[in-house]
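Input: a single structure, listed below in structure tokens.
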Amino acid sequence: MSIETTTENQTWDDVDWQPPMPPTDLIFDDGEPLETNRHRIAMNVLIRSLKHHWAERTDFFTGGNMFIYYSSRQAKNRDFRGPDFFVVLGVDNDPSRLGWVVWEEGGRYPDVIVELLSASTKEVDLGAKKTLYEQVFRTRDYFVFDPFDANSLQGWHLDLDQGYQPIAANEQNLLWCHTLGLWLGTWTGVVEDDNATWLRFYDSSGLVLLPEEAERQRAEAERQKSERLAARLRELGEDPDIL
């Protein structure tokens with residue numbers, strides 16, 4: 001059957017037709033907090049450490065617990081809550097974004113996603129969401145970690161022919177994130193007064209630091225430098241305390 005209007009000899013090619021626009025009344029806050037305070041800290045550790053590590057870069061955006069809108073139908077149904085942590089490369093790092101709206105971002109989807117598992121989300125994170133990230137988002141690297149289970153880290157890298165393939169851990173039990181050029185692994189210590197095992201980034205030099213950790217490291221280096229100088233002055237017969 002030919003596609004024609006009621007006007008004789010007029011086809012759809014002659015009609016000034018525009019596709020329906022995506023919804024503009026998007027919701028960016030579902031009013032629901034992260035599962036626990038530790039989940040919130042774990043998300044912020046990833047975001048803040050990556051921003052600090054890439055402080056000189058302006059070509060990426062990282063966020064967490066933000067809605068990602070990728071289709072009109074999904075937006076209308078309000079049926080998808082965003083990843084706990086994600087990174088998009090090759091975009092401006094505008095911090096004023098309320099969420100990630102794919103059709104306003106040149107069709108760009110997250111390049112890396114991390115979901116922080118819990119008893120109530122594990123099935124979805126390893127099932128429906130994993131399938132969505134693999135088949136719709138085509139997210140290159142996907143990781144999951146339960147902040148209350150130090151041995152729960154898993155990761156997958158997208159093979160264009162075979163889909164998500166598990167990422168094998170190295171001898172230090174770190175998983176390589178090819179997209180970011182960084183490793184993901186665990187680190188045990190205190191963050192925001194919570195002594196736990198956290199998911200952290202690593203580079204060739206070791207742990208990717210949070211801003212406050214980097215400041216403490218600089219302060220300690222200065223203290224050690226001052227102590228070495230004072231010791232040298234004493235060897236020379238000088239009192240560093242009166243100089």
Exercise: identify the closest heavy-atom pair between [X] and [Y]:
| X | Y | result |
| --- | --- | --- |
| D161 | D159 | N-OD1, 2.8 Å |
| L116 | D84 | N-OD2, 2.7 Å |
| F137 | P110 | CD2-CD, 3.9 Å |
| I113 | P83 | CG2-CB, 3.7 Å |
| I47 | G63 | CD1-C, 3.7 Å |
| F148 | T36 | CE1-OG1, 3.4 Å |

*Only counting residues at least two apart or in another chain, list the ones meeting ring pair (Phe, Tyr, Trp, His ring centres under 6.0 Å) with H53.*
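Applying ring pair (Phe, Tyr, Trp, His ring centres under 6.0 Å) to H53 gives none.
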Would you confirm whether [X], through its side chain, and [Y], through its main-chain N or O, come within 3.5 Å as a donor-acceptor pair?
| X | Y | result |
| --- | --- | --- |
| E123 | S120 | no |
| Y164 | G155 | no |
| T139 | V112 | no |
| T121 | L117 | no |
| H39 | P147 | no |
| W100 | R108 | yes |
| N170 | L174 | yes |

With side chains defined as the heavy atoms from C-beta onward, is the minimum distance between [X] and [Y] less than 4.5 Å?
| X | Y | result |
| --- | --- | --- |
| Y70 | V136 | yes |
| H52 | E213 | no |
| W156 | L158 | no |
| V87 | L50 | yes |
| N195 | T188 | yes |
| D94 | R97 | yes |

Measure the spacing between [atom1] of [X] and [atom2] of [Y] and express it to the nearest 0.5 Å.
| X | Y | atom1 | atom2 | value |
| --- | --- | --- | --- | --- |
| L46 | K51 | CG | NZ | 12.5 Å |
| F201 | L210 | CZ | CG | 11.0 Å |
| E134 | K129 | CD | NZ | 16.0 Å |
| H178 | I167 | NE2 | CD1 | 10.5 Å |
| F85 | L199 | CZ | CG | 9.0 Å |
| L180 | R140 | CG | CZ | 8.5 Å |

*Before giving the answer on side chain to side chain donor-acceptor pair (under 3.5 Å), spell out for Y142 and E115 the whole-Å C-alpha distance, their side-chain angles and the decisive distance to 0.1 Å.*
CA-CA 8 Å; Y142 177 47; E115 291 289 5; 5.0 Å; no
*Worked check of side chain to side chain donor-acceptor pair (under 3.5 Å) between T179 and D111*: CA-CA 7 Å; T179 306; D111 294 297; over 6 Å; no
*Going through the checks in order, is the side-chain contact (heavy atoms from CB on, under 4.5 Å) test met by V144 and L126?*
CA-CA 8 Å; V144 296; L126 294 175; 3.8 Å; yes
*asked:* Under the rule for salt bridge (Lys or Arg N to Asp or Glu O under 4.0 Å), what residues qualify as partners of D194, not counting sequence neighbours?
replied: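 Here the qualifying residues are R38.
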Does [X] share a hydrophobic cluster with [Y], counting links as ILVMFWY side-chain heavy atoms below 4.5 Å and allowing steps through other members?
| X | Y | value |
| --- | --- | --- |
| L209 | V190 | no |
| V191 | L207 | yes |
| F67 | W103 | yes |

_Are there over 12 heavy-atom neighbours, none belonging to D203, within less than 6.0 Å of that residue's CG?_
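Correct, the count exceeds 12.
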*More than 12 heavy atoms of other residues, nucleotides or ligands under 6.0 Å from CD of E212: is that the case?*
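Enclosed: over 12 neighbouring heavy atoms sit under 6.0 Å from CD of E212.
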*Parallel, tilted or perpendicular: which describes the rings of F60 and W54, with under 30° parallel and over 60° perpendicular?*
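Rings of F60 and W54: perpendicular, over 60°.
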_Using a 6.0 Å distance limit plus a 45 degree cone around the ring axis, check whether R138 lies over the aromatic ring of Y109._
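No cation-pi geometry.
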_Less than 6.0 angstrom from the centroid, inside 45 degrees of the normal: does R200 satisfy that with respect to the ring of W198?_
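Pair R200/W198 does not count as cation-pi.
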*asked:* Applying the ring-ring contact (aromatic ring centres under 6.0 Å, His included) criterion to W176, which one of F143, W183, Y202 satisfies it?
replied: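 Exactly one candidate clears the test, W183.
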_Steps toward side chain to side chain donor-acceptor pair (under 3.5 Å) verdict (T186, T197)_ = CA-CA 6 Å; T186 57; T197 298; over 6 Å; no
*Should E215 and R218 count as an ion pair when the cut-off is N to O under 4.0 Å?*
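Yes, E215 and R218 are salt-bridged.
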